[in-house]
Q: 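My questions all concern the structure below.
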Amino acid sequence: MKILMKGNEALAEAAIRAGCHHFFGYPITPQTELAAYMSKRMPKIGGTYLQAESEIAAVNMVLGASAAGVRAMTSSSSPGVSLKGEGISYMAGSDLPALIINVQRGGPGLGGIQPSQADYWQATKATGHGDFQILVFAPSTVQEMVDLVSDAFDLADQYRMPAMILADGMLGQMMEPVSLPEEGEKAPAQKDWAASGHGGKRAHNIVNSLYLTPDKLEDLVKVRFKRYETIKQKEQRAEEYLTDDADVVVVAYGASSRVARGAVNKAREMGLKAGLVRPITLWPFPTDALNRAASHAKNLLVVEMSMGQMVDDVKLAINCQKPVHFYGRTGGMIPTPAEVLEQIKALC
Amino acid sequence: MKDLNMLFAGFGGQGVLFAGKVAAYAGLIENKEISWLPSYGPEMRGGTANCSVCISDQPIGSPLVTNPNVLVVMNLPSLDKFIDTVEPGGTVIIDSSLIDKKVERTDVNVYYVPSSSLAEENGLKGLSNMILVGKLFKAIAGSDYDFCTGDTLDQAIQKCIPARKANMLDFNRKAVNIGADA
């Protein structure tokens, strides 16, 4: 039978079952249950749970653990993720896999502690300085949180880059039924690049992000961007819901996609042709799914718990071929299905 | 069944989150789609706390209940805050030993249960919440919102009580029975 778990706890258990036995964190609402869960579980499985002196220290411990070849992760909420930006950039520059979880809250600054999606730009465009991207996954249910943790670790290893799960306070705090994978179902890949010790039996591996020769650095960045192109082609994920005949296509991810789905269902009951494209990967952005839905839609409506950070990506994805509208709440406010339904009605 | 959108509200410490969890587990045991969402702000520390519980045959959209069809309230601030949001025809269950106000609306079904006093009188201190849960399940039994049997409720309570508090099981059962008969 399925069990009831909070999103935060489910993320933690899923990570352990995906072979992550090294967690470094620092408490912050609304993410703290994740770290608390890790603090109980890790000692029992011989893993590492470490509450660092700061978010910056925690992310750099993840860097160190990952350089040594193990699966490692950290988690935080918006203000804490800003602090981790430097370490994430260093990991990207060192081609290191890692999982970073952001259970978003309202911002900017210390903001509030209620659910928000105002870190979209940060996650997809500017997690830190320099030319780089990270993989960004946006679950919308507790079960999907479990499933995506394992995929995020796998793809981070495969492409040697950091991955982020972009959740929010609603998903982190809510409980839903989940079924968990068996522990150790998939063995993490062997990492022949890792600085894991070799007793003088091979040339030593160096993990580094400092390259003082500009042409060498340019080459490395270009290689990385070639990999990004492959990822854009192969790893886009989205759910297309009732989009086949939809006049109005709502585009929403994570918690706001749940609200949007409720509104789409109500619109359909009223005979209005509404559908939903729900990006599951925010980077790479699911341009293929959006183009399929937009090809016969009359209007697109982006719904977010922010001031509209995803709107430009939607416009770019469909090359502005259809009007893209926006409805959002921010600061920790959650849109209601009735509010979104009004927007759909106005566009039908 | 019709979609159940429930709101449990009261002071932090009264067990509103636990009451919601029992209802959610009952839905899970009956293979329904369910969600449970707590308020997690500073109000948890002694102020007002609440949780939204959705039970449905269909996947749950927004887990945040803004227009409940069942409202269980354990303090006056929560009654004042949420009474006007209840759907017409909805069910309101009130701890009338802590709230002496009467509901003015006539389009909702109100049950006044002196649950805190009943808990005290029956040696069930702290289980006022479960008395109200007993009343809730009795109130929806046989209606369009009915989704489970008494046996399911009992299994749900067993699921929600951790092993180290196993001695509380019979007290919880007693509280549910008192609520059902109240």
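Throughout, a chain's letter reflects where its sequence line sits, starting with A, and its residues are numbered from 1.
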Q: Can you check whether anything in residues 28-38 of chain A gets within less than 4.5 Å of chain B, heavy-atom wise, and list it by number?
A: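 Within residues 28-38 of chain A, the residues that come under 4.5 Å of chain B (heavy atoms only) are A/Thr29, A/Pro30.
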Q: With heavy-atom distances below 4.5 Å as the criterion, would you say the side chains of A/Arg261 and B/Gln58 are in contact?
A: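 The answer is no, as the side chains (C-beta and beyond) never meet within the 4.5 Å cut-off.
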Q: Could you tell me whether the side chain of A/Met170 reaches within less than 4.5 Å of the side chain of B/Pro63, counting heavy atoms only?
A: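 They are in contact (side-chain heavy atoms under 4.5 Å apart), so the answer is yes.
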Q: With a 4.5 angstrom heavy-atom cut-off, is it the side chain or the backbone of B/Thr66 that approaches chain A, or both, or neither?
A: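 Contact with chain A is through the side chain of B/Thr66 alone.
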Q: Should we count CZ of B/Phe171 as having more than 12 external heavy atoms under 6.0 Å?
A: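 Counting neighbours around CZ of B/Phe171, 12 or fewer heavy atoms of other residues, nucleotides or ligands fall under 6.0 Å, so no.
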Q: Determine the option with the most heavy-atom pairs under 4.5 angstrom with chain B, choosing from A/Leu4, A/Val259, A/Thr336, A/Ile3.
A: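 Option with the greatest count: A/Leu4.
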Q: Using 0.5 Å steps for rounding, measure from the CE atom of A/Met1 to the CD1 atom of B/Ile29.
A: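 One gets 5.0 Å once the value is rounded to the nearest 0.5 Å.
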Q: Ignoring hydrogens and angles, tell me if any N or O in the side chain of B/Tyr40 forms a donor-acceptor pair with the backbone of A/Gln173 under 3.5 Å.
A: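 Not at all, since once roles are kept as given, no pair shorter than 3.5 Å links the two residues.
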Q: Does B/Ser62 offer a backbone N or O that forms a donor-acceptor pair with the side chain of A/Arg258 under 3.5 Å?
A: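 Pair absent, no side-chain N/O of A/Arg258 close to backbone of B/Ser62.
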Q: Taking the side chain as every heavy atom from C-beta outward, state whether B/Ile34 and A/Glu176 have any pair of such atoms under 4.5 Å apart.
A: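 No - every pair of side-chain heavy atoms lies 4.5 Å or more apart.
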Q: Looking at A/Ile45, I want to see if its CD1 is surrounded by more than 12 non-hydrogen atoms of other residues, nucleotides or ligands under 6.0 Å.
A: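 Above 12, so yes.
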